[in-house]
Amino acid sequence: MEDSALRAYVTTLRQTFHQHPELGFQEFETSRRVREELTSLGLPIQSCCGTGVVAELTGTVPGRRVLLRADMDALPMTEETGLPFASICPGVMHACGHDAHTAMLLGAAKLLAEQREQLKGSVRFLFEPAEEFGGAGLKLIEEGVLEGVDAVFGLHVSGGLPCGKVNVQAGPRMAGCDGFSVTLQGVAGHGSAPHLTVDVIPALAAVLLSLQTVVSREIDPADSAVLSVGTVQAGTASNIIPGEAALTGTLRYFRPEVGQTLRAALERVVQHTASAFRVEHQITWRMGLPPVVNDPAVTAIAARSACAVLGEQALVEDAAAIGSDDFACYLQKVPGVYAFLGISNPEKGITYSCHHPKFDLDEDALSSGSRLHAQFALDYLNAHSN
């Protein structure tokens, strides 16, 4: 496929998805368009996890199976880019590049379908819903998307890398993440009579401040870890001492042992601080994600694929990201690699990172992303063909 035709195809798709973003498990129109494109390639498709889509391309020569994955959901944000194809859905925006991920994987499907006769094995295309908040990765695994899969590959756009660069690196690449909620229960009362209450406000403040020392005093400085509190809620009026307060936050880490230490420290700090202030406490843990850890052997193949598509000068090393991704769940089951494609370009004013209301990407990277998906599939299957 000529690069100009691929560029036009993927760019049009990306702009369409960008203009019509949909939140997790609500990707009805996105899913419909994905199925339409895959059907036009003659690929058998099936729905998964509600709005997800799986397609299979089987070559004429038996061999292994590789899975290529893209996520489809947008974020609950108001777009501020001013792009001609900006979101027309109030309060919803593709601010993490999932519109590009979906478009690039469709481009890869088109490229590989043209090479079906040379394909030594099969390629499974997974279009995942609800990556941001829904935890669809685990549900998809339960539904069997990894059955018979020998390797997985994912590609995420990176605002921290210039367009034309790509990071393909073995080992930990994104952090594990656990979410927590802490609720404190006291005794409410009038603001003029605190001695008749059990005040949760000082207890909440003490818990919040004490948690700030967990990472700095209990985690080895050589390890990366973050404990962040994102919401604090208490009270309804200035003259009422509330009977309940709550906070929520996240833990992030690269080594499972560090995650265990963080969880144990948080529970200990909350328990003893609450006791000191005479309040009851409850801790609720939300579904966690493990770290994204790339398999060395599969990463070596992906690195060669990246060099073949973009040139050796495009391959760069980068620090692991503290953000999380449920692609980690796939990597716990099947060896694979998560790569990062540069999309920033200061000359075009494209400098904002993911989850920013002005996030955009250099669309010159899109065709390279499609070719990288396809090249990896070919290289992996060829390397393991009989």
Side-chain angles (χ1 to χ4, degrees), residues 24 76 132-135 137-138 172 174-293 320-326 328-329 332 355:
E132 291 288 356
F133 305 112
L138 287 172
M174 296 186 77
C177 179
D178 297 315
F180 62 86
S181 301
V182 176
T183 302
L184 303 177
Q185 294 279 353
V187 177
H190 199 286
S192 65
H195 61 294
L196 301 178
T197 72
V198 178
D199 194 347
V200 293
I201 296 292
L204 180 70
V207 168
L208 183 59
L209 290 174
S210 296
L211 289 179
Q212 304 309 305
T213 66
V214 168
V215 173
S216 67
R217 289 297 173 268
E218 300 197 37
I219 302 300
D220 187 331
D223 281 312
S224 294
V226 178
L227 189 162
S228 293
V229 173
T231 68
V232 176
Q233 298 172 324
T236 58
S238 61
N239 62 347
I240 300 174
I241 291 175
E244 183 173 300
L247 58 84
T248 66
T250 57
L251 309 177
R252 298 178 189 272
Y253 51 89
F254 290 104
R255 293 198 301 120
E257 308 92 281
V258 174
Q260 293 170 4
T261 299
L262 289 171
R263 287 188 291 271
L266 183 142
E267 291 180 351
R268 187 190 70 248
V269 166
V270 172
Q271 176 187 349
H272 291 291
T273 305
S275 177
F277 283 83
R278 299 180 296 129
V279 303
E280 301 296 321
H281 76 281
Q282 181 178 359
I283 302 171
T284 303
W285 291 101
R286 297 192 303 278
M287 184 204 72
L289 290 174
V292 172
V293 182
I322 303 298
S324 302
D325 194 294
D326 69 3
C329 300
Q332 281 197 324
H355 293 221

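Since this is a predicted model, take the numbers as computed values, not measurements. Computed over heavy atoms, backbone and side chain alike; hydrogens, waters and symmetry mates excluded. Starting from 1, each residue takes its place in the sequence as its number.
Proximity of a side-chain donor or acceptor of S210 to a complementary backbone N or O of V207 within less than 3.5 Å is not detected. For Q212 (side chain) and L208 (main-chain N/O), a donor-acceptor pair under 3.5 Å exists by modelled atom type. Counting only distance, with no hydrogens or angles, the side chain of T261 and the backbone of E257 share a donor-acceptor pair below 3.5 Å. A side-chain donor-acceptor contact under 3.5 Å links S324 to the backbone of A175.
Under the side-chain contact (heavy atoms from CB on, under 4.5 Å) rule, L251 has a single partner from L227, V214, V215, which is L227. Checked against L204 for a side-chain contact (heavy atoms from CB on, under 4.5 Å), the options V232, D199, T273 give a single hit: V232.
The shortest side-chain heavy-atom distance between N239 and S192 does not fall under the 4.5 Å cut-off. Taking the side chain as every heavy atom from C-beta outward, P242 and I201 approach each other to under 4.5 Å.
In this structure A193 satisfies the side-chain contact (heavy atoms from CB on, under 4.5 Å) test together with H195, L196, sequence neighbours excluded.
When every heavy atom of T197 is checked against every heavy atom of R278, the shortest pair comes out as O-NH2, 3.9 Å. In this structure, R252 and I322 approach most closely via the heavy-atom pair CD-O, 3.3 Å. Closest of all the heavy-atom pairs between R263 and P256 is NH2-O, 4.4 Å. The two atoms that bring Q185 and V200 nearest to each other are C-CG1, 3.8 Å, heavy atoms only. The heavy-atom pair separating P291 from Y253 by the smallest distance is CG-O, 3.9 Å. Heavy atoms only, all atoms of each residue included: F277 and V198 are closest at O-CG1, 3.8 Å.
Under 3.5 Å, the side chains of T250 and S228 contain no donor-acceptor pair of N or O atoms.
Note that the NE2 atom of H355 and the CD atom of E132 stand 4.0 Å from one another [nearest 0.5 Å]. Taking CG from D223 and CD from E218, the interatomic distance works out to 13.5 Å, rounded to the nearest 0.5 Å. Of the inter-residue distances, the one linking H281 atom NE2 with H272 atom NE2 reads 9.0 Å to the nearest 0.5 angstrom. Expressed to the nearest 0.5 Å, how far CG of D325 lies from SG of C177 amounts to 11.0 Å.
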Open item on the list: Determine whether F180 and D178 satisfy the following criterion, side chain to side chain contact (heavy atoms under 4.5 Å, CB included), listing intermediate values before the conclusion.
Closed with: CA-CA 7 Å; F180 62 86; D178 297 315; over 6 Å; no
- [ ] Apply the test side chain to side chain contact (heavy atoms under 4.5 Å, CB included) to residues L211 and L266: give CA-CA distance (whole Å), side-chain angles for both, the deciding distance (0.1 Å), then the verdict.
- [x] CA-CA 7 Å; L211 289 179; L266 183 142; 4.0 Å; yes
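Within 6.0 Å of CD on E280 lie no more than 12 heavy atoms contributed by other residues, nucleotides or ligands.
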